[in-house]
Amino acid sequence: MDLRVMGLEPPLFHALHHMMDLSDDAAADKSHNAPTRSYVRDAKAMAATPADVKEYPKSYVFEIDMPGLKSGDVKVQVEDDNVLLISGERKREEEKEGGKYLRMERRVGKFMRKFVLPENANSDAISAVCQDGVLSVTVQKLPPPEPKKPRTIEVKVA
């Protein structure tokens, strides 16, 4: 096909072709910068784990619904002295002989939430209790710092 018939001269066609090649390279770069599988898995686990956070005068309380989980299925950790990590896994029940699921709506799999603790949170005073399917993690607050008293400096006469 003669490109001059379409009104495309070789220099113009070359520029157009170059621009099309750049757009293909950009698409390749997007796939190269795609998030890793573990990042996507963690993001899904965090999005599917709703939580309530309450502040009291002497503590912070993090509440997460965890019906049917045992204490061994849940981990509460502190990372970098200021990140509270709550994670675990809900496993699918083994099917009994002769039974099959007609509907499966309860979520199974890993769950995780991360919370950056405030500056006045005491990461050494954390307790966790699971009662009636609700995990409550309590983080005590540090006492407020005492105000510094002014110091008097004696002035000597020379």
Side-chain angles (χ1 to χ4, degrees), residues 16-155:
L16 183 61
H17 190 298
H18 182 69
M19 287 173 41
M20 292 174 73
D21 283 346
L22 287 177
S23 66
D24 289 344
D25 292 342
D29 285 345
K30 284 183 182 176
S31 66
H32 177 69
N33 293 332
T36 63
R37 284 186 183 195
S38 62
Y39 176 82
V40 171
R41 183 187 65 232
D42 290 350
K44 286 181 180 179
M46 288 180 72
T49 308
D52 295 336
V53 181
K54 299 177 188 175
E55 181 178 8
Y56 292 98
K58 295 187 177 188
S59 65
Y60 297 98
V61 177
F62 301 83
E63 292 180 335
I64 298 177
D65 292 336
M66 305 216 165
L69 289 178
K70 300 177 181 112
S71 62
D73 297 335
V74 179
K75 269 192 210 176
V76 178
Q77 300 172 308
V78 177
E79 297 179 338
D80 303 326
D81 287 333
N82 71 335
V83 178
L84 178 66
L85 172 67
I86 301 170
S87 63
E89 184 172 8
R90 177 176 284 122
K91 297 176 182 165
R92 178 174 290 152
E93 297 174 6
E94 293 183 24
E95 293 184 26
K96 296 181 180 172
E97 194 172 317
K100 65 178 182 177
Y101 284 101
L102 298 178
R103 181 182 302 241
M104 183 182 288
E105 295 180 352
R106 295 186 307 156
R107 189 177 174 281
V108 294
K110 294 187 177 191
F111 60 89
M112 175 181 61
R113 279 305 297 265
K114 287 185 178 184
F115 303 95
V116 176
L117 296 173
E119 288 183 20
N120 66 341
N122 185 354
S123 61
D124 294 325
I126 297 177
S127 62
V129 176
C130 192
Q131 184 176 8
D132 297 331
V134 178
L135 175 68
S136 295
V137 179
T138 304
V139 180
Q140 298 298 322
K141 289 183 177 180
L142 292 169
E146 293 182 17
K148 291 185 178 181
K149 296 178 183 176
R151 193 175 76 178
T152 305
I153 301 170
E154 181 181 336
V155 178

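What you see below is based on every heavy atom in this structure, not just the backbone, and it leaves out hydrogens, waters and symmetry mates. In this text, all values refer to a predicted model and were calculated from it rather than measured experimentally.
Listed by first and then second residue, the ring pair (Phe, Tyr, Trp, His ring centres under 6.0 Å) pairs involving residues 115-136 are Phe62-Phe115 (not counting sequence neighbours).
Annotation: salt bridge (charged side-chain N to carboxylate O under 4.0 Å, His left out) contacts of Glu119 (sequence neighbours excluded): none. Annotation: side-chain hydrogen bond (donor to acceptor under 3.5 Å, both in side chains) contacts of Lys54 (sequence neighbours excluded): Glu63. Legend: residues meeting side-chain contact (heavy atoms from CB on, under 4.5 Å) with Ser59, ordered by chain and number and at least two apart, are Tyr56, Val61, Thr138, Gln140.
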Show the atom names and distances, to 0.1 Å, of all donor-acceptor pairs under 3.5 Å that link a side chain in residues 122-137 to residues at least two apart or in another chain.
residue : atom : partner : partner atom : Å
Asn122  : OD1  : Asp124  : N            : 3.1

Quiz: residues 143-154 side-chain donor-acceptor pairs under 3.5 angstrom, not counting sequence neighbours:
none

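The nearest pair of heavy atoms linking Phe111 to Val74 is CZ-CG2, 4.1 Å.
The distance from the NZ atom of Lys58 to the NZ atom of Lys141 is 11.0 Å, given to the nearest 0.5 Å. With rounding to the nearest 0.5 angstrom, the CZ atom of Arg113 is 8.5 Å from the CD1 atom of Ile86. Taken from CD in Glu89 to CE in Met112, the straight-line distance is 13.0 Å, to the nearest 0.5 Å.
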